[in-house]
Amino acid sequence: MAKSKAPAKTPADGENKPIRHLYLIDGSGYLFRAYHALPPMNRPDGTPINAVFGFCRMLVADLLDNPEIDHIAMILDAGSVTFRNKIYDKYKANRPDPPEDLIPQFPLIREAARAFNVTVCELEGYEADDLIATYARLALEAGGTCTIVSSDKDLMQLVRPGVELMDPIKKIKLGPEAVFEKFGVTPDKVVDVQALAGDSTDNVPGAPGIGIKTAAQLINEYGSLETLLERTKEIKQPKRRESLENNAELIRISKQLVSLRDDVPAPADPDSFDKRRPDPNVLLPWLEQQGFRTLLQRFTSELGEATAPVAPTSAPEPVKKAEPTAVPAASASKKPNRDFTTADYELIQDVKLLDEWIAEATRAGTVAFDCETDGLDSNNAGLVGVSLALLEGPWGDVNSTRRRAAYLPLMHRTPGGAVQGALDLLGDGGDRDAGKLLDGQIPLETAIARLKPLLEDPAVLKVGQNIKYDMAVFRRHGIEIGPVDDTMLISFVLDAGKNNHGMDELAELHLGQKTIKFSDVAGSGAKQVTFDKVPLDKARDYAAEDADVTMQLWARLKPRLVPERVTSMYETIERPLIPVLLSMESAGIKVDAVKLKGLSADFEKRLAELEGEIHKIAGREFNVGSPKQLGEILFDEQKLPGGKRNKNGSWATDASVLEDLAAQGHPLPVKILEHRQLAKLKGTYTDALMRQVDAKTGRVHTSYHMTGAATGRLASTDPNLQNIPVRSEEGRKIRQAFIAEAGHKLLSADYSQIELRLLAHVADIPALKEAFARGDDIHAITASEMFGVPVKGMDPLMRRRAKAINFGIIYGISAFGLANQLGIGQQEAKEYIGRYFERYPGIRDYMERTKDFARKHGYVLTPFGRKIHLRFIHDKSQGMRAFAERAAINAPLQGGAADIIKRAMIRLPGALTAAKLKAKMLLQVHDELLFEVPEKELDKTRDVARKIMESAASLTVPLVVEAGVGQNWAEAH
DNA sequence: TGGTTCACG
DNA sequence: GACGTACGTGAACCAG
């Protein structure tokens, strides 16, 4: 017998309204999805809550707040035994148990739905999917439409006009196209494909040897499963034919298993699913119990205080956790000024309105702005428009403020012009393409002239998201923007390691707002247009939103700096670094294109030779660049010993494997290694670098990302100039192509052993500190202390091993890693580590202290106060925790070194100017700075650089900088 | 798009 | 007792 659990509607709601659009939430599917998507969180009483939190966030932000939704219900499985078990007893038999910290959340999702006054439906003997199918049908028959909130592929068979699927985490609507992408057939044929292909997670057998690809092909060819089974004789491939002929019955059973029933007895009339206001007496106490503070705040102001609070149902036995973590209240969704929408964004098309905005911004004292361009390269992209946003009212109080945002289009053009932007070599911003300037735009020169006083006004703070980019664009129009704040950097100093710092992610996280995607306004793939071709109305929505979101993020994040003790990290390191990096990026470095071309030709010739030799030894032709084909040659065909497989089952062919084989005297791996090295050099460096040379300057301009690495290191892209080869002879030839301008030389200054020095400092190891103070060879000293041999006349092998251990310590040593590095047994490695800790017990103490700190606080600190969060420090997987612990040990050292060189970089431009030197800082490679120096100023510049770098921090060990000079980077380094 | 490999500190 | 492992990046290439 079916039993209904649909709650009665509250009398106050009156009559049910008929369905227009029904939302059906696949409750357990959603819970699993949210569980895996969100980091562990706990309720104040310790109960794990992440999946429920994700569920509530979705429910509020996407469903209850969406006025288009009038009917909504959550569907659940009533039990584990259904009619399908009668058809096939092994159905879903090998489902693993859910994770233990998910189990207590199952009952909570029922509570959550009840608290928000959302109907819960379940039906014994049937799965939630059958109920969903049935309600989808009922909705259609009632003349309405239906959205199923689930990412379960089994529900794809229900997609049809009026019924769509929505991924609850990605918020993507899945229509027939998505179904076709997944199953290769239209939605009505999905069950046929599933019946043939089977499903290992649900233990649906299907036809052995036939997967989704083959199944789709067969169904599309024969039209339906039944026709196919009748005409199996026509199938040419013997294996397929046999599989189908021998398993016809099993396939029919499979079809019954995967077909959803849309005729089950519905426990409640779908008209009764109408969206209802939550009852404050139920919702508020429940939210409080879960610790969802922002939601509580919001609903208290929306619904009013509870008048007769109903105590939340008793909580299940909480899972005991060693270190309960707080629910991040700030990440809950919250939308200030909910009546403010994109429709309120303004379009500035005349000078009068622009002047008004500028006056308003000047009066407000803080303005968010963002510029839109026709490319991504900040050195060349042309300015297309500017957006501005204001937040007026009490500082930082998002609830009692008024939002305003506007877009000022400047260089939008009619579509149909030649593709340009990145390909633009003239860079003049003029008549470089066929598109004509659109009407209704203030002339660029006029707008620039009006904006300049605002953007340079020392009394107006300009807030940007990755403002380095905007500063670069405006600099080329003669505007030096300042003073500035950067929400990306504020987020970085607050939350490095917790989340990334792109605007879309921050908007979602802190404002609960999904931003308009660039591809929504500009298209995607080959059809994508540059922003100047986007129509003004769309451009306004997209661009004004950027400034609007930036302003709100600033109001949300900036007040956290002081209480979370990262103000000085932001104000003395990250923010002042912006203009320094900007100058380095726009300076670029000269490369010798002729030299690169020659190298490329050399490499190409040698590669062709090697390829011939390799094919000869292998006995056949194959793609040497394909690890898959190579693995098959080496281990399946040549039957070489010692094949390892990587996690997806294919043969591993990385350098360490090939080196092992080479050491055993096999000729093929030797050639492959050489081929790999040259292919890398040619593909990644010579050829790619030539393409990156800027036509205007004849130099390459990298772009530095300030928030790419959680430790505080910079990252370099387009091109990455932080991984130019240096370790191999062939590779160094590429460095030779980085050259100085005529009359100049390159000066390279790098910190010696900076991370080990920091280790000696923070762990406070007298023996190491003294060795550094004396200027001793630190690896030799370590070897001497460990193995009890004098430094003089030491076996180089011992020094090498000590060096590997010193590095290992920095990385959070493990016996496995050290053994791998040194090519010794794990036992031996373990013994070395033991001996090291015996000699330097302070280092072991430091490592333990650091791990404890990370476990207690969820982050670690560099000596300069940079915070690095360890997201996985309490993960339930031992492997993930160990990973986080090693990262915790490494982060203060790597991050501390990053702090030091950043401090030096900030001081250097001023110091050079003060010494009347014209040297330019060009590149930073983590512990090295590269300068281009007029030949006559070499000595002075070297002295200044060394002095500033060595005094960038005062530690209990000296900082030592080694400098070199040359015509090219290889010589200087 | 994800996995593999390899360049750097 | 088994498992998966050195820390931090970005780019090219292959395969699906």
Side-chain angles (χ1 to χ4, degrees), chain A residues 181 211-213 496-497 622-631 645-658 672-673 675-689 691-692 702-705 707-728 730-732 734-735 750-751 753-755 759 804-822 826 829 833 860 868 870 877-895 897-898 901 923-928 973:
Chain A
E181 211 171 291
I212 288 183
K213 285 273 146 60
F622 70 104
N623 183 350
V624 186
S626 160
K628 189 167 168 279
Q629 295 181 34
L630 175 63
R645 290 187 185 270
N646 47 30
K647 40 181 170 265
N648 59 29
S650 49
W651 295 108
T653 65
D654 58 89
S656 77
V657 172
L658 297 180
I672 304 271
L673 281 167
H675 186 277
R676 280 247 179 99
Q677 191 201 6
L678 291 178
K680 181 82 172 182
L681 293 178
K682 181 172 186 299
T684 308
Y685 298 104
T686 53
D687 293 358
L689 217 43
R691 284 196 299 271
Q692 298 271 5
T702 186
S703 155
Y704 287 105
H705 290 223
T707 60
T711 54
R713 271 194 183 178
L714 299 175
S716 155
T717 60
D718 307 301
N720 181 352
L721 295 185
Q722 291 183 318
N723 71 347
I724 300 302
V726 69
R727 292 174 189 169
S728 74
E730 290 294 310
R732 274 195 291 276
I734 290 169
R735 256 179 207 235
D750 70 288
Y751 283 107
Q753 314 278 16
I754 187 163
E755 293 184 7
L759 175 69
I805 293 177
N806 277 333
F807 276 107
I809 293 289
I810 292 169
Y811 297 150
I813 201 157
S814 77
F816 179 93
L818 182 63
N820 238 3
Q821 184 65 35
L822 284 175
Q826 263 194 71
I833 296 170
V860 291
I868 299 120
L870 287 307
S877 145
Q878 148 77 24
M880 294 300 283
R881 280 201 309 276
F883 167 70
E885 287 168 3
R886 289 194 298 271
I889 291 165
N890 174 259
L893 307 174
Q894 192 184 110
I901 196 164
L923 301 179
Q924 187 250 42
V925 192
H926 310 308
D927 63 0
E928 173 188 5
H973 186 75

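Just so we're on the same page: letters track the sequence lines, and every chain starts at 1.
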Next on the checklist: Return the CG to CG distance between Leu923(A) and Leu714(A), rounded to the nearest 0.5 Å.
Outcome noted: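 One finds 11.5 Å between CG of Leu923(A) and CG of Leu714(A).
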Checklist entry - Going from CD1 on Ile754(A) to CG on Leu893(A), what distance comes out if it is rounded to the nearest 0.5 angstrom? => result 10.5 Å
If you look at every strand shown and take non-hydrogen atoms under 4.0 Å, does [X] touch a base, only sugar-phosphate, or nothing?
X: Ala891(A); result: nothing
X: Ala688(A); result: sugar-phosphate
X: Asn720(A); result: sugar-phosphate
X: Gln821(A); result: base
X: Ala709(A); result: sugar-phosphate
X: Phe883(A); result: sugar-phosphate
X: Ala710(A); result: sugar-phosphate
X: Asp718(A); result: sugar-phosphate
X: Leu893(A); result: nothing
X: Gly879(A); result: nothing
X: Ala804(A); result: base

Using atom [atom1] in both nucleotides, what's the gap between [N] and [M] to the nearest angstrom?
N: dT5(B); M: dT5(C); atom1: P; answer: 14 Å
N: dC6(B); M: dA6(C); atom1: P; answer: 14 Å
N: dT4(B); M: dG4(C); atom1: P; answer: 14 Å

Check the distance between [N]'s [atom2] and [X]'s [atom1] and give it to me in whole angstrom.
X: Tyr685(A); N: dC8(B); atom1: OH; atom2: P; value: 6 Å
X: Ile212(A); N: dG16(C); atom1: CD1; atom2: P; value: 16 Å
X: Asn806(A); N: dG9(B); atom1: CG; atom2: P; value: 18 Å
X: Asp687(A); N: dA12(C); atom1: CG; atom2: P; value: 10 Å
X: Tyr751(A); N: dC8(B); atom1: OH; atom2: C1'; value: 19 Å
X: Leu870(A); N: dC7(C); atom1: CG; atom2: P; value: 12 Å
X: Leu630(A); N: dC6(B); atom1: CG; atom2: C1'; value: 15 Å
X: Leu721(A); N: dG9(B); atom1: CG; atom2: P; value: 13 Å

Item to check | Secondary-structure stems, DNA chain C, at least 3 Watson-Crick or G-U base pairs under 3.5 Å | outcome: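 Runs of three or more consecutive pairs: B:1-9 with C:7-15.
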Next on the checklist: Please confirm whether the shortest side-chain N or O distance from Arg886(A) to OP1 or OP2 of dC7(C) is below 4.0 Å.
Outcome noted: yes
Checklist entry - With respect to the phosphate group of dT5(B), does any side-chain polar atom (N or O) of Thr653(A) fall under 4.0 Å of OP1 or OP2? => result yes
Item to check | Residue Gln677(A), side-chain heavy atoms: nucleotide from dC6(B), dA6(C), dA7(B) that is nearest | outcome: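 Nearest listed nucleotide: dA7(B).
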May I ask you to decide if [Y]'s main-chain N or O and [X]'s side chain share a donor-acceptor pair within less than 3.5 Å?
X: Tyr685(A); Y: Asn723(A); answer: yes
X: Ser716(A); Y: Tyr704(A); answer: no
X: Gln629(A); Y: Val624(A); answer: no
X: Asn890(A); Y: Ile810(A); answer: yes

Close side-chain approach of [X] to [Y], heavy-atom, < 4.5 Å:
X: Arg713(A); Y: Gln722(A); answer: no
X: Arg676(A); Y: Leu658(A); answer: yes
X: Leu681(A); Y: Thr686(A); answer: no
X: Leu689(A); Y: Leu721(A); answer: yes

Checklist entry - Hey, does the side-chain of Gln722(A) have a donor or acceptor N/O within less than 3.5 Å of a partner on the base of dC8(B)? => result no
Item to check | Donor-acceptor pair (no angle test) under 3.5 Å: Arg727(A) side chain, dG9(B) base | outcome: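 Side chain to base: pair found, below 3.5 Å.
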Write out a two-atom table: protein N or O, nucleotide N or O from nucleotides 13-15 of chain C, distance below 3.5 Å.
from, atom 1, to, atom 2, distance (Å)
dC14(C), OP1, Asn623(A), ND2, 3.3
dC14(C), O3', Ser626(A), OG, 3.2
dA15(C), OP1, Ser626(A), OG, 2.5
dA15(C), OP1, Gln629(A), NE2, 3.2

Checklist outcome for this item: Comparing Phe816(A) with Gln894(A), nearest DNA chain C nucleotide closer to 5' gives the residue Phe816(A)
Checklist entry - Can you list the residues that meet the side-chain contact (heavy atoms from CB on, under 4.5 Å) rule with Glu181(A), with sequence neighbours excluded? => result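 Applying side-chain contact (heavy atoms from CB on, under 4.5 Å) to Glu181(A) gives none.
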